[in-house]
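The next block holds one structure in the form of structure tokens; read it before the comments.
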Amino acid sequence: MNHSTQQYTWDGRFSEPVSELVKRYTASVHFDQRMWRQDIQASLAHARMLARQGILSETDLSDIERGMALIQAEIESGQFEWSLTLEDVHFNIEKRLSALIGDAGKRLHTGRSRNDQVATDIRLYLRDGIDRVLALLKALKRALITLAEREAYTPMPGFTHLQVAQPVTFGHHMLAYLEMFRRDGERFRDCRRRVNCLPLGAAALAGTTYPIDRTSVAIELGFEALCENSLDAVSDRDFAIEFCAAAALCMTHISRLSEELVLWMNPQVGFVRIADRFCTGSSIMPQKKNPDVPELARGKTGRVNGNLVALLTLMKGQPLAYNKDNQEDKEPLFDTLDTLLDTLAIFADMMENGITVVASRMEQALQKGFATATDLADYLVKRGMPFRDAHAVVGRVVKFAEGEGKDLPELTLAQLREFSPLIGEDVFAALTIEGALSARNHVGGTAPEQVKAAIHRARERLAGT
Ligand code: ARG
């Protein structure tokens, strides 16, 4: 192929064109075009640096700036023609720039490679994505705090093995999720620091022969640091993997909450009602109201976990430096980001405005499960009995009460004293739900007083982020 028939930016050394299938197989423009803003932003920072360093003339720079403004307008108005032949977002924009402004456009790629260009674009895109995730996580945390405050005194059965264990409050239960999402936020913030490093300057893999100034590019683009090794800068995607790992954990937390919501809104349990706008009906059974949002979130967690495994597997066999394998980083990463953003937005709304707690149903469940049995044991211990003996005594009391069809506080003092003379009239205060709740009065406990204090701390922390 001679110069006049050149179709691709790179086909000078090629003697036959690629087939349509290979063209489609190798192209990424249909999914990487979403990074166009970052691509233009990074190109402009690169061009300005080249001009400052005297590698590019001021006239070329102003042509590039003018050309990029035109391209931005074309893309925003939907007039830009994305071409599969031009492979990816980088070539599409660069070619259009050359078509609009001529030689200055062809000079933009001086001292740069698509390898450091794409790594820069992804990092800029992901940095913005993380900021959006953090904002939505904050909204979700605010929603959980609001709900926890509203239900700080509402008793519900706490479960182990999905069986009634001890009373907690609904507020306390919500604050457990708040802790999970707080750690998720910390993970995303921590990950952001490592995302926010500048690859540009690494060029194809070894750096470049031009007298570039990487620090000024980093400053213009808001990067906190430079990628310190050119080979690493163009090849590793650990920052994307880290994000996907943090996202998988966050979705896993959402999934656990979803599982509980599905259970709680089941009419046989009935602890909560979920507003209609988060549910759908059945095409055949008119009575149904299905918890589609939590079920889908639970399902989508599988996809997000799969994306993490896809990226880990993508990376594990790659020798240094850049390999085309890395083009496959984008779809799992974008899918993870999209899924997480939608899920967080919908859960923030649902938890704030879509959940009605049915206290009476939770109370009924509490009355059936001998939820204060541990409190009876603790009562005996406080009167001198070793805990293991107390455990055995209460086991016998529960067996007896079960036979009578009664809950513990419904037994008479005489009946209780049959099992231990240590039991006195004051036992009933310990056996009530309220007594059991307020007795767990230490940091991290379920006493309403503690829940209130935890809410206060959470509010202060949230304001500080
Ligand atoms: N579209 C490519 C990617 O996403 C850009 C970098 C291509 N570089 C190369 N030498 N083929 O990774």
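Numbering of ligands and ligand atoms starts at 1, following listing order. As the structure is a prediction and not an experimental result, all values here were calculated from the model. Computed over heavy atoms, backbone and side chain alike; hydrogens, waters and symmetry mates excluded.
Side-chain contact annotation: R114 with Y322, donor-acceptor N/O pair under 3.5 Å absent. A donor-acceptor contact closer than 3.5 angstrom links the side chains of R112 and S43.
Of the candidates N115, D32, L205, D88, N115 brings a heavy atom nearest to atom 10 (N) of ligand 1.
For atom 1 (N) of ligand 1, the closest non-hydrogen atom of the protein is Q327 OE1, 2.8 Å. Closest protein heavy atom to atom 7 (C) of ligand 1: Y322 OH, 3.5 Å. Atom 11 (N) of ligand 1 has its closest protein heavy atom at R114 NH2, 3.5 Å.
The closest approach between a heavy atom of K330 and any atom of ligand 1 is below 4.0 Å.
Residue E228 places its CD atom among 12 or fewer non-hydrogen atoms of other residues, nucleotides or ligands, all under 6.0 Å distant.
Minimum heavy-atom separation, T26 to E87: O-CG, 4.0 Å.
Annotation: cation-pi pair R123/F223 absent, no NZ/CZ under 6.0 Å from the ring centroid and within 45° of its normal.
Which parts of ligand 1 touch S28 is read off a 4.0 Å heavy-atom cut-off, strictly below it: atoms 1 (N).
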